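Beneath this line is the structure, given in structure tokens, with notes to follow.
These numbers were taken from a predicted model, which means no experiment stands behind them. A note on names: the letters A, B, ... follow the listed sequences, proteins ahead of strands, and every chain is numbered from 1.
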Number of protein chains: 2
Amino acid sequence: MLKGILQGCLLILISDEPMYGYSISQALTEFGFQDVPKGTIYPLLINMGKKGLIVGKMQPSKEGPKRKYYYITADGLQEKAQFINQWSTLSSNVNSLIHKRSDNDESR
Amino acid sequence: MLKGILQGCLLILISDEPMYGYSISQALTEFGFQDVPKGTIYPLLINMGKKGLIVGKMQPSKEGPKRKYYYITADGLQEKAQFINQWSTLSSNVNSLIHKRSDNDESR
DNA sequence: TTTTGCTATCTTGCTTTACAAACTAGTGGT
DNA sequence: ACCACTAGTTTGTAAAGCAAGATAGCAAAA
């Protein structure tokens, strides 16, 4: 339907400030996406890197293993804008369907 | 992310009134989903039938080939309600991300 | 009557998405 | 030494999405 809602969300997060996988997974939890699995996030980040939407740089951390910080690219910003448009279209389409008001069963 | 937004939309359409594949594809177009391919709709309908969410009945048509009208089941109605909930959660999560207001770049 | 065009459905096969699960590895506390 | 938390990658699998083509009924134009 809409390819990669998650990808769009990651672009938004990363465009706000560079993030690494683990912190992204925590941020998503805060935004209500309960527990998006690592098996989804990491491969997606790698794939987004291949597409040139983000670039990752390993940086050492004092409180644990190295972190791979991702930065958004120009292409990524463009893709982000496109996602926001697609989302708003999709969102209003689905909402108009849901509120079709056919008096069938919604509120009773 | 959210499994089958399309499935949810079909449940809503069919719960409103029984429909057949071709009419569903036309209805979707009216609701702004431009041209959802048949290769997506028909297999999905068959799959939803297997899951017991809908039942299909062939009925002859005077203006063309036979049509397979789908009717929603009790399970389908339940699934529909669940979809509407999931959608509203997802939708508000994504919107809160989009309107994160980080003064980074949205309106300039 | 043959062809074209619209309606209608199904099937095959490919690509992408999503994810569980396992593996590796650094740091700090008990 | 062991556990818990942080952090990342890889592998394998199932499901989703869809293009493309096969099949077929009907009707009006050629």
Side-chain angles (χ1 to χ4, degrees), chain A residues 1-11 13-14 18-30 33-51 53-71 79 83 86-87 90 93-94, chain B residues 1-11 13-14 18-30 33-51 53-70 79 83 86-87 90 94:
Chain A
M1 196 66 240
L2 182 75
K3 355 189 156 182
I5 292 176
L6 228 211
Q7 174 178 296
C9 294
L10 297 201
L11 286 172
L13 283 172
I14 295 171
M19 300 188 84
Y20 54 97
Y22 199 84
S23 66
I24 286 170
S25 119
Q26 291 175 323
L28 286 175
T29 302
E30 283 167 36
F33 302 88
Q34 90 278 23
D35 198 34
V36 180
K38 292 172 279 180
T40 296
I41 292 179
Y42 286 110
L44 179 54
L45 284 171
I46 290 168
N47 187 258
M48 288 164 72
K50 279 181 194 157
K51 286 195 260 178
L53 305 178
I54 54 179
V55 280
K57 286 169 194 162
M58 275 293 189
Q59 279 165 236
S61 156
K62 278 167 189 170
E63 314 104 60
K66 284 187 290 184
R67 298 167 173 173
K68 193 164 186 178
Y69 281 89
Y70 285 97
Y71 299 78
E79 183 72 20
F83 164 71
Q86 283 176 21
W87 169 260
L90 176 73
N93 290 347
V94 175
Chain B
M1 195 64 241
L2 182 75
K3 351 188 159 184
I5 292 176
L6 229 210
Q7 174 179 294
C9 294
L10 297 201
L11 286 172
L13 283 172
I14 294 170
M19 300 188 83
Y20 53 99
Y22 199 84
S23 67
I24 286 171
S25 117
Q26 291 175 323
L28 286 175
T29 302
E30 283 168 36
F33 301 88
Q34 91 278 24
D35 199 34
V36 180
K38 291 169 278 181
T40 297
I41 292 179
Y42 286 109
L44 178 54
L45 284 170
I46 289 168
N47 188 258
M48 288 165 72
K50 279 181 194 158
K51 287 195 259 178
L53 305 178
I54 54 178
V55 280
K57 286 170 194 162
M58 275 294 189
Q59 279 165 236
S61 156
K62 278 167 188 169
E63 315 105 59
K66 284 188 290 182
R67 297 166 173 173
K68 193 163 184 179
Y69 280 90
Y70 285 97
E79 184 71 21
F83 164 71
Q86 283 177 19
W87 169 260
L90 176 74
V94 175

field: Contacts of type side chain to side chain donor-acceptor pair (under 3.5 Å), residue Lys51(A), not counting sequence neighbours
entry: Gln7(A)

message: For a quick test of reading the model: is some side-chain N or O of Tyr42(B) closer than 4.0 Å to OP1 or OP2 of dC10(C)?
response: no

field: Tyr69(B) OH - dA8(C) C1' separation (whole Å)
entry: 11 Å

field: Atom-pair distance (CD on Gln26(A); P on dG8(D)), nearest Å
entry: 10 Å

query: Over how many whole Å does the gap from Tyr22(A) atom OH to dA4(D) atom C1' extend?
result: 10 Å

message: So if I take residues 57-66 of chain A and measure heavy-atom distances to DNA chain D, which residues fall below 4.0 Å?
response: Met58(A), Pro65(A), Lys66(A)

message: I need the CG-P distance between Leu45(A) and dC19(C), as an integer number of Å.
response: 14 Å

query: Under 4.0 Å between a side-chain N/O of Tyr20(B) and OP1 or OP2 of dA8(C), yes or no?
result: yes

- prompt: Taking the side chain as C-beta and beyond, is there a heavy-atom pair between Leu53(A) and Ile14(A) under 4.5 Å?
  reply: no

- request: Measure from CG on Asn47(B) to P on dG17(D) and round the result to the nearest Å.
  value: 10 Å

message: Among residues at least two apart in sequence or on other chains, which ones pass side chain to side chain donor-acceptor pair (under 3.5 Å) with Tyr42(B)?
response: none

- prompt: Could you state the CD1-P distance from Ile46(A) to dA18(C), rounded to the nearest angstrom?
  reply: 15 Å

field: Test item: Leu11(A) and Met48(A) side chains (from C-beta on) under 4.5 Å apart, heavy atoms
entry: yes

message: Between Thr40(B) and dG17(D), is there a contact of a side-chain N or O with OP1 or OP2 at under 4.0 Å?
response: no

message: Whole angstroms only, please: what is the NZ-P distance between Lys38(A) and dC19(C)?
response: 14 Å

message: Between P on dC19(C) and CG on Asp35(A), what's the gap in Å once rounded to a whole number?
response: 10 Å

Could you list the donor-acceptor pairs under 3.5 angstrom formed between side-chain atoms of residues 58-65 of chain B and any protein atom two or more places apart in sequence or on another chain?
from, atom 1, to, atom 2, distance (Å)
Gln59(B), OE1, Tyr71(B), OH, 3.0
Ser61(B), OG, Glu63(B), N, 3.2

- request: Return the set of residues passing side-chain contact (heavy atoms from CB on, under 4.5 Å) with Ser25(B) (not counting sequence neighbours), or none when no residue passes.
  value: Ile41(B)

- prompt: Among all residues two or more places apart in sequence or in another chain, which pass the ring-ring contact (aromatic ring centres under 6.0 Å, His included) test with Tyr69(A)?
  reply: Tyr20(A)

